[in-house]
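Heads up, the thing below is written out as structure tokens.
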Amino acid sequence: MTRVEEVFLEALEDLREGTGKPVERYLERVPATERRQLADLLAGFFASRTQPVDPHADAELFERTLETVDRVIAKHSGAAGVLPSMLVELSHTRGLHRREIVSQLREVLGLPQQSEPALAECYHRLESGQVPGLSISNRLLAGLSAVVRMPVNELEAASRPIGPPRALGAVAGFARGGQPGAEVTGEASAGEPQPPDDPSAHQVHVLFYGGRNA
Amino acid sequence: MNVVFHIHSLDAEYAALPDADIEALWRHAVAHDPEAREPLLRQLVLRAAHVIDETCRREGAAAGFRQADIERAYDESALRLMSRLRVDAGIRDVRAVAHQLACEVVADPARRRAPVVTRFGSKRPTLRVLRGGDGR
């Protein structure tokens, strides 16, 4: 019996007896190179063991929901919360290109035309998790709220830094052709850029890096 | 497309709990333990999935949505629900909120429809009457 099988059977025994431990405890008992195999076995077992609480449970629908939700949660950036991935997802669901979002944002914020390149640059940094969530101004959150049609308090909450997810990590157990280990946690902040000298670009910089009351 | 789900160590446990227990854990997490919140949000959104789906299909059909529009509205409603649940632990009925959000998403006048995909067919043949026995 391999080490993976041994630990897997032990996990099954614990679960049957109601003494199951967090999944990480089992995974850390096998060599790193065999964790994927054990994770797949455990994921398969959980999927077959759990009775759907919801009588309308629909595997295809659940899969779609997990894909959507996990794209936001799993790609969270420590310092920027889930706001970057939320913005990317909303741009897809609303069929908006980044340049359109930037253009609408400029109009909503009442910024001059010449500020658009700086706005595009900062928005790119925001979407890629390089703008710390707490440095985003309330004015910018209000502007984003108008563009992506999401209440400002929800965007504000999404921008709050969160700790690392207490997750097992990427597992291909429920996916079609998934590749484990492909998760992106996007550590935020490559450092705040220097405030630009140009007045219109500076105005944009303050919106992204000036803090809530800027 | 490769899809990777992130299985949380508590997913199996949460999936087996009744709604009331999950909601109690979620309310506690929103108030006291933000890091424990995400897998609970995921679980609540999953439980409201069929409400979102039914609402988007019904309201979307009435608004003339095509399948791609319905799917995008579904994704957006799921995100909106997750986002709402992240901040508002006072929600009494998660499925009712899911329904309301899906209606809002479909009815949003600023919502852009998926582009129509045109298919290029072969050029329609030009027919002409042939006169004469030699076919010219």
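Order of the sequence lines sets the chain letters (A, B, ...), proteins ahead of strands, with each chain counted from 1. No hydrogens, no waters, no symmetry mates; every other heavy atom, side chains included, goes into these values.
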Measure distances from B:A110 to the heavy atoms of chain A and classify the residue's part below 4.5 Å as side chain, backbone, both or neither. both
Where B:S83 and A:M150 come nearest, the two heavy atoms and their spacing: OG-SD, 3.6 Å
Quick one, B:V105 with A:R149, criterion side chain to side chain contact (heavy atoms under 4.5 Å, CB included). Give me CA distance, side-chain angles, the key distance, then yes/no. CA-CA 9 Å; B:V105 166; A:R149 317 279 267 194; over 6 Å; no
Given heavy-atom pairs under 4.5 angstrom as the criterion, report whether the side chain, backbone, both or neither of B:E71 touches chain A. both
Check: B:E38 and A:V69 side chains under 4.5 Å, non-hydrogen atoms: no
Answer yes or no: is there a side-chain heavy-atom contact under 4.5 Å between B:M82 and A:M86? yes
For the OG1 atom of A:T68 and the CG atom of B:L81, what is their distance to the nearest 0.5 Å? 12.0 Å
Nearest 0.5 Å, please: how far is CG in A:L61 from NE2 in B:H50? 9.5 Å
Side-chain ion pair, B:R84 and A:E154, N-O less than 4.0 Å: yes
Which heavy atom of A:F62 sits nearest a heavy atom of B:L46, and at what distance? CE1-O, 3.5 Å
May I have the step-by-step check of salt bridge (Lys or Arg N to Asp or Glu O under 4.0 Å) for A:R64 and B:D53, ending in yes or no? CA-CA 11 Å; A:R64 183 176 185 88; B:D53 185 52; over 6 Å; no
Student check: side-chain heavy atoms of A:E89 and B:E76 closer than 4.5 Å: no
What are the residues of residues 90-101 of chain A, in order of number, with any heavy atom under 4.5 angstrom from a heavy atom of chain B? A:L90, A:H92, A:T93, A:R94, A:G95, A:L96, A:E100
Portion of B:R80 that has a non-hydrogen atom of chain A nearer than 4.5 angstrom: both
For residues 136-146 of chain A, give me every residue with a non-hydrogen atom less than 4.5 Å from any non-hydrogen atom of chain B. none
